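This report refers to the structure that appears directly beneath it.
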Amino acid sequence: MKNNKGQIAIMLVCIFLGIILAIQIKTVNETVGEGVLPTQRAQQLGLELKKLQDEKQALTRELNEVESKINKYEKNEADKSVYTENLYKDLEKYRMFAGYSDVEGPGIVLEINDPPMDVQFGEESSIVNELDILLQIISALNASEAEAISINDQRYTAYTEIVRVGNHIEINGVSISPPIVIKAIGDPALLESSLALKGGILWHLEYYTDYIVQIKQEKNIMISKYKKTKEFTYAKPLPEIAK
């Protein structure tokens, strides 16, 4: 009788363990795919990511080639007459205003990095959480007549989105990470003084935060163009009124 009770107990334990094992297998299958181990799933995702990155690079190269051909056609046409040449120059100027041209020139490079871990207190602080600081810097640079601005190689234009998403910041839809590197083309001395003056944003960062800040003037800075396209749906140009 005792043997029968022992066998029944062992059988119940085996059934219980079998149910737990079945639940775990089902959970793993739902998470990583049926019949696929986590390491295999990670490898598949890695290959898919590599494929998407290669496709993006190929499309970027194709776009650059097309734009290069268009520029050649425009320049060839501009060489044929003074009127067309002036139109071409105006087109280049407005492209620069809109941020759709790669540009270079003198300016400043501002780098802001997180404080060392040994001086951080309480909740970990990071410059990528400081949306207000970035906006103040951009505002100061615009007020100092910066002709082109980029943040971590993302061109800043009238259509740039700088938003907080979770615990980080996205610029033009791209997540950024420290250090924050801001480039600005313009009068180097004027740009630096607008940020470094007493009571200004860099003064605040130096005396009231532990962020590591470096700013330097450069003779030549390269800033890439704005890569997103903008289509006007509602706005239309007003017709010119004859004088």
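Values in this document were obtained by computation on a predicted structure and should not be read as measured data. All values below were derived from every heavy atom in this structure, side-chain atoms included, with hydrogens, water molecules and symmetry-related copies excluded.
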note = CG (Asn172) and CG (Asp153) are apart, to the nearest 0.5 Å, by 11.5 Å
ask   = So do the side chains of Asn152 and Ile171 get within less than 4.5 Å of each other, counting heavy atoms only?
value = no
query = Side chains of Pro106 and Lys219: does their closest heavy-atom pair fall under 4.5 Å?
reply = no
key: Gap separating the CD atom of Gln217 from the CG atom of Leu190, nearest 0.5 angstrom   = 10.5 Å
inquiry  = Tell me every residue that passes ring pair (Phe, Tyr, Trp, His ring centres under 6.0 Å) with Tyr208, counting only those two or more places apart in sequence or in another chain.
reply    = Trp203, His204
task = Look at atom CD of Glu145 and say whether more than 12 heavy atoms of other residues, nucleotides or ligands are closer to it than 6.0 Å.
result = no
task = Could you tell me the separation between the OG1 atom of Thr160 and the CD1 atom of Ile149, rounded to the nearest 0.5 Å?
result = 9.5 Å
query = Does the side chain of Ile185 reach to within under 4.5 Å of the side chain of Ile223, using non-hydrogen atoms?
reply = yes
ask   = Checking side chain to side chain contact (heavy atoms under 4.5 Å, CB included) against Val103, which of Lys225, Arg155, Met222 comes through?
value = Arg155
request  = Return yes if some donor-acceptor pair links the side-chain N/O of Asn113 with the main-chain N/O of Tyr211 below 3.5 Å, else return no.
outcome  = no
task = Kindly compute the distance separating CD (Glu111) from NZ (Lys183), expressed to the nearest 0.5 Å.
result = 11.0 Å
request  = Flag yes if Ile151 and Val174 sit in one hydrophobic cluster, no otherwise; membership is Ile, Leu, Val, Met, Phe, Trp, Tyr, and two members link when side-chain heavy atoms are under 4.5 Å apart.
outcome  = no
ask   = For Tyr159, does its backbone N or O pair with a side-chain atom of Thr157 as donor and acceptor, under 3.5 Å?
value = yes
query = Is the shortest heavy-atom distance from the side chain of Val109 to the side chain of Ile182 under 4.5 Å?
reply = no
query = How long is the span from the OG atom in Ser150 to the CD1 atom in Ile221, to the nearest 0.5 Å?
reply = 8.5 Å
query = Looking only at heavy atoms, what is the nearest atom pair of Ser194 and Leu191, with distance?
reply = OG-O, 2.7 Å
ask   = Do you reckon Leu131 sits in the same ILVMFWY cluster as Ile138, going by side-chain contacts under 4.5 Å, direct or chained?
value = yes
note = salt bridge (charged side-chain N to carboxylate O under 4.0 Å, His left out) pairs touching residues 186-204, sequence neighbours excluded, are none
key: Close side-chain approach of Ile162 to Tyr156, heavy-atom, < 4.5 Å   = yes
request  = Would you please test Ile169 and Leu134 for side chain to side chain contact (heavy atoms under 4.5 Å, CB included) and show each step?
outcome  = CA-CA 10 Å; Ile169 291 175; Leu134 292 183; 3.8 Å; yes
ask   = What is the distance from atom CD1 of Ile215 to atom CD1 of Ile108, rounded to the nearest 0.5 Å?
value = 4.0 Å
key: Ser139 side chain vs Leu135 backbone, donor-acceptor pair below 3.5 Å   = no
ask   = Quick one: do Ile180 and Ile212 end up in the same hydrophobic cluster if we chain Ile, Leu, Val, Met, Phe, Trp and Tyr together by side-chain heavy atoms under 4.5 Å apart?
value = no
